[in-house]
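Report on the structure given below.
Note that this is a predicted model, so its numbers are computed, not measured. Just so it is clear: chains get the letters A, B, ... in the order the sequence lines come, proteins before strands, and each one is counted from 1.
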Protein chains: 2
Amino acid sequence: MGEQHKQVSEAEPRTVGAVQTTLDIIDLLHQRDGAGVTELSEELDLSKGTVHSHLATLYKNEYLIKNGDEYNLSLRYLHLAETVRDRLGFYDVVREEVDELAAESGELSQFATEEHGRAVYIYKAKGDKAVETASSVGKREFLHCISLGKAMLAHYSESYVDEIIDEYGLPGFTDTTVTSRDDLFENLAEIRERGYAIDNEERIDGLRCVAAPVLHNDGTVLGAVSLSGPSSRMIGERFDEELPSMVVRAANVIEINSQYS
Amino acid sequence: MGEQHKQVSEAEPRTVGAVQTTLDIIDLLHQRDGAGVTELSEELDLSKGTVHSHLATLYKNEYLIKNGDEYNLSLRYLHLAETVRDRLGFYDVVREEVDELAAESGELSQFATEEHGRAVYIYKAKGDKAVETASSVGKREFLHCISLGKAMLAHYSESYVDEIIDEYGLPGFTDTTVTSRDDLFENLAEIRERGYAIDNEERIDGLRCVAAPVLHNDGTVLGAVSLSGPSSRMIGERFDEELPSMVVRAANVIEINSQYS
DNA sequence: AAACGTCGTTTGGGTAGACCGAACAATTAA
DNA sequence: TTAATTGTTCGGTCTACCCAAACGACGTTT
């Protein structure tokens with residue numbers, strides 16, 4: 001692997017329209033909880049016949065189940081997901097460490113990796129005082145406004161960070177969200193020095209987080225671990241030393257015990 | 001819902017060829033751990049250009065990631081899988097009960113449901129003396145040769161069981177596998193009376209299992225819970241009373257605590 | 001360092017097939 | 001019974017899927 005050479009956007013290559021249609025159908029079935037032929041055809045501006053043949057193709061391949069006249073996504077995705085997750089090579093270690101972080105701190109602990117310029121939550125565990133958040137496994141989130149994301153961005157090449165900014169911009173969510181390119185790069189330099197990232201209510205008001213990056217031997221970013229909690233509890237020495245040292249330690253354990261090290 | 005009206009096979013409706021091609025590509029990327037354009041085009045007898053445009057479509061929709069020249073499945077399937085799993089409405093209860101069964105018995109405990117005429121493993125937990133098996137979450141298995149499958153079959157309509165047999169047959173794996181239609185129906189009648197199913201080394205030599213069906217109020221089959229262990233330990237009162245009562249109890253708990261009850 | 005091999009990507013063109021629209025079947029409601 | 005929905009089928013048209021060949025970008029070899 002050595003050097004990573006990632007790209008987010010580029011001059012659009014030729015795509016397959018029929019496949020796009022099918023993916024749109026899957027997306028819609030994912031959003032709603034099942035749907036019929038007519039509903040899908042109206043929503044996607046396709047003829048009923050077209051939708052029917054797409055559904056038939058997916059059904060034949062067992063990507064859908066049928067309950068009367070309602071189509072819905074099948075458990076086949078579970079098999080794919082399990083395989084993809086296993087191939088990460090560090091899922092088991094992540095689960096152990098995140099569980100321990102949550103238990104030890106009492107807060108919410110999470111692990112995420114990056115794909116297509118956004119963070120993807122892989123695992124989460126709640127401590128006995130943990131806050132509820134909208135994040136769930138598989139969900140995608142912008143990188144610039146969360147501690148997990150910034151921890152990862154700090155170890156990407158400048159050109160890749162630029163590409164991501166070009167793709168998604170730097171949308172603001174609270175009044176502390178970093179929305180300028182220069183501020184972000186300054187922030188990332190601090191993170192590299194400090195060894196961990198901070199989210200000071202940048203995504204959600206009242207929520208503070210710390211996160212440490214999980215790096216491969218060669219500098220590749222595997223992901224990041226975090227702890228999140230209400231600002232009232234995330235203060236003083238606990239926020240400046242205790243919790244950071246916990247996520248850094250967990251990150252190190254994950255690095256060392258990764259399958260491909 | 002009331003009466004369930006399922007079908008496995010039928011006169012083939014019209015499908016979309018381009019979509020089938022994409023699904024074949026996904027399947028191949030699932031089997032192997034990533035692949036390049038040339039490898040896929042050779043394996044599937046397609047031109048490189050065609051494969052490229054399919055991959056571009058999937059990539060654009062973030063169903064794939066790209067590592068240099070290697071394409072691989074992305075974590076997007078994780079999001080879909082999580083959603084599908086949540087929609088089952090009983091996953092959390094299943095996890096609790098299966099964990100407890102494993103701890104209590106020391107054996108391997110599993111939960112499966114049925115899709116397209118086959119069992120799909122949803123969750124598994126290993127007790128301290130549990131055997132290793134080839135089953136994994138998301139995997140599909142024939143119904144007639146495992147306890148989980150027979151427990152479910154016992155509560156399907158005769159016509160649906162017939163359809164499944166027509167689709168997959170009754171392949172034998174050991175010398176105790178039920179391979180005749182009449183024997184199977186006789187077996188299913190016993191299971192209904194007894195309240196749980198037995199797998200006496202019918203799938204794997206030396207492995208015995210017991211499984212209880214999880215039923216909905218209206219008689220719909222939600223799935224089944226099982227315990228599996230080496231035949232040497234699965235004997236006497238333990239196999240005839242103790243373990244069966246455990247899986248039946250767990251099944252009842254799942255039924256009661258299901259989201260849609 | 002030039003020549004070769006191999007990869008992914010691009011592009012034009014022909015024809016298979018994706019899409020539409022209308023008719024049909026199968027339920028449910030009025 | 002009628003009427004209004006649904007999902008499903010099917011013929012015809014024109015789009016776009018697919019192929020083949022050329023191109024560009026690396027690596028390796030001689």
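- Note on residues 19-42 of chain A: pairs passing ring pair (Phe, Tyr, Trp, His ring centres under 6.0 Å), not counting sequence neighbours, are H30(A)-H79(B).
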Name the pairs: protein N/O against N/O of nucleotides 10-13 of chain D, kept only if under 3.5 Å.
from: dG11(D); atom 1: N7; to: R14(B); atom 2: NH2; distance (Å): 3.4
from: dG11(D); atom 1: O6; to: R14(B); atom 2: NH1; distance (Å): 2.9

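- Between H54(B) and dC17(D) there is no side-chain polar atom (N or O) within less than 4.0 angstrom of OP1 or OP2.
- Every residue was checked against the side chain to side chain contact (heavy atoms under 4.5 Å, CB included) condition with R14(B), not counting sequence neighbours, and none meets it.
- Five base pairs at each end of the helix from dG8(C)-dC23(D) to dC24(C)-dG7(D) define two local axes, and these are offset by 60° (rounded to 10°).
- Applying the side chain to side chain donor-acceptor pair (under 3.5 Å) test to E141(A) and every residue at least two apart in sequence or in another chain returns R203(A).
- Evaluation of the side chain to side chain contact (heavy atoms under 4.5 Å, CB included) rule for K124(B) yields L108(B), Q110(B), T133(B), S135(B) as partners, not counting sequence neighbours.
- Looking at S180(B) and D182(B), their side chains never bring a donor and an acceptor atom within 3.5 Å of each other.
- Under the rule for a side chain to side chain contact (heavy atoms under 4.5 Å, CB included), the partners of V178(A) that lie at least two apart in sequence or sit in another chain are D183(A), L184(A), N187(A), E202(A).
- Nucleic acid contact for S41(B): none, since no nucleic acid atom lies under 4.0 Å from a heavy atom of the residue.
- Considering only residues two or more places apart in sequence or on other chains, D69(B) meets the side chain to side chain contact (heavy atoms under 4.5 Å, CB included) condition with none of them.
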Task: T50(B)/S47(B) under side-chain hydrogen bond (donor to acceptor under 3.5 Å, both in side chains): CA gap, chis, key distance, verdict - done: CA-CA 5 Å; T50(B) 300; S47(B) 77; 2.8 Å; yes
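- Separating the CG atom of D45(A) from the C1' atom of dA18(C) is a distance of 17 Å, rounded to the nearest angstrom.
- A heavy atom closer than 4.0 Å to some atom of DNA chain C occurs in A18(A), T21(A), these being the qualifying members of residues 17-26 of chain A.
- In this structure the side chain of R87(A) reaches within 4.5 angstrom of the side chain of D33(B), judged on heavy atoms.
- By the side chain to side chain donor-acceptor pair (under 3.5 Å) test, H144(A) pairs with no residue at all, sequence neighbours left out.
- Using modelled atom types, one finds no donor on one side chain facing an acceptor on the other under 3.5 Å when comparing N72(B) with N67(B).
- Residues satisfying the ring pair (Phe, Tyr, Trp, His ring centres under 6.0 Å) criterion with Y63(A), sequence neighbours excluded, are Y77(A).
- To the nearest angstrom, P of dT9(C) lies 14 Å from CD of E12(A).
- Tested against F111(B) for a ring pair (Phe, Tyr, Trp, His ring centres under 6.0 Å), the candidates Y121(B), F90(B), Y123(B) yield a single pass: F90(B).
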Look for any protein N or O under 3.5 Å of an N or O in nucleotides 5-7 of chain D and output each such pair with its distance, or none.
from: dG7(D); atom 1: OP1; to: V37(A); atom 2: N; distance (Å): 2.7
from: dG7(D); atom 1: OP2; to: T38(A); atom 2: N; distance (Å): 2.8
from: dG7(D); atom 1: OP2; to: T38(A); atom 2: OG1; distance (Å): 2.3
from: dG7(D); atom 1: N7; to: K48(A); atom 2: NZ; distance (Å): 3.1
from: dG7(D); atom 1: O6; to: K48(A); atom 2: NZ; distance (Å): 3.3

